[in-house]
Student: 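Structure incoming, see below.
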Amino acid sequence: MARGAETTGSAAAFVPATRSLASLQAAAAGCRGCDLWRRGTQTVFGEGRARARVMLVGEQPGDEEDRTGRPFVGPAGRLLDQALAAAGVARADVYVTNVVKHFKWEPRGKRRIHAKPSRAEVGACLPWLRAELELVRPEAVVCLGATAAQALLGPTFRVTRQRGEWMGTAFAARVMATVHPSAILRAPDDAARRVEMARFVEDLATIPARLAA
Ligand code: URA
């Protein structure tokens, strides 16, 4: 396994051969697959049961996730929890993770502002997501936002055109992409936010029918 302070260009060398979620998480804590380890407080690995039926994939941890080490615990995560409850998806059935496992941010005054991960950073981090998919083998995968959708469904995928469409892929039999919950938080006013939330819940509410009885 690769070690030391240098960046290797891919997480692949850090992914252990013998895998459990715990061993993956422990190994990911030392990942130097791209330079983001220098900026983030810690690796934020996925969370949920090893046999979760649904995997939700976001972009990257945010400020609160970076501090706590847990995915989707900040404002976007709270909105996601509300939407899942409204859509009738049991939180215990869900494994949540991100394409990129370190927080990429730029300083603005005292604040740390989200910065979009580059294609190279996404590619470098993908071995972790592939390992999570192989281990959890979810029945349904939902990509939250364009970064996750394009990482898993290809660079030409457009959430604006194809949101809510279920498709089969090599890594999971049923995959769908919808918006990222932070897009709902950024809606210009309450009325727009309500409309966007309702559409998001509608997309998530299609999950239960995709799970084997
Ligand atoms: N946004 C994400 O994509 N993932 C998180 O874990 C938090 C915010």
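Predicted model only: the values in this text are computed from it and were never measured. Just so you know, ligand 1 is whichever comes first in the structure, and atom 1 is the first atom listed for that ligand. Just the heavy atoms: all of them, side chains too, but no hydrogens, waters or symmetry mates, feed the values below.
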Student: To which of K101, E59, H180 does the heavy atom nearest atom 1 (N) of ligand 1 belong?
Tutor: H180
Student: Among all the protein's non-hydrogen atoms, which is closest to atom 4 (N) of ligand 1, and how far away is it?
Tutor: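 Looking only at protein heavy atoms, the one closest to atom 4 (N) of ligand 1 is N98 OD1, 2.6 Å.
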Student: Would you call L152 and L129 a side-chain contact if the rule is heavy atoms closer than 4.5 Å?
Tutor: yes
Student: Decide whether E121 and H102 meet the rule of one side-chain donor and one side-chain acceptor closer than 3.5 Å.
Tutor: no
Student: As an exercise, identify every atom of ligand 1 less than 4.0 angstrom from a heavy atom of G58.
Tutor: 3 (O)
Student: Under 6.0 Å from the six-membered ring centre of W105 and within 45° of its axis: does the NZ or CZ of R112 meet both?
Tutor: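 Here R112 passes the 6.0 Å and 45° test against W105.
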Student: Between Y95 and E47, do the side chains contain an N or O donor and an N or O acceptor separated by less than 3.5 Å?
Tutor: no
Student: Tell me, which protein residue and heavy-atom name are nearest atom 5 (C) of ligand 1, and how many Å apart are they?
Tutor: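 Nearest neighbour among protein heavy atoms for atom 5 (C) of ligand 1, to 0.1 Å: Q60 O, 3.4 Å.
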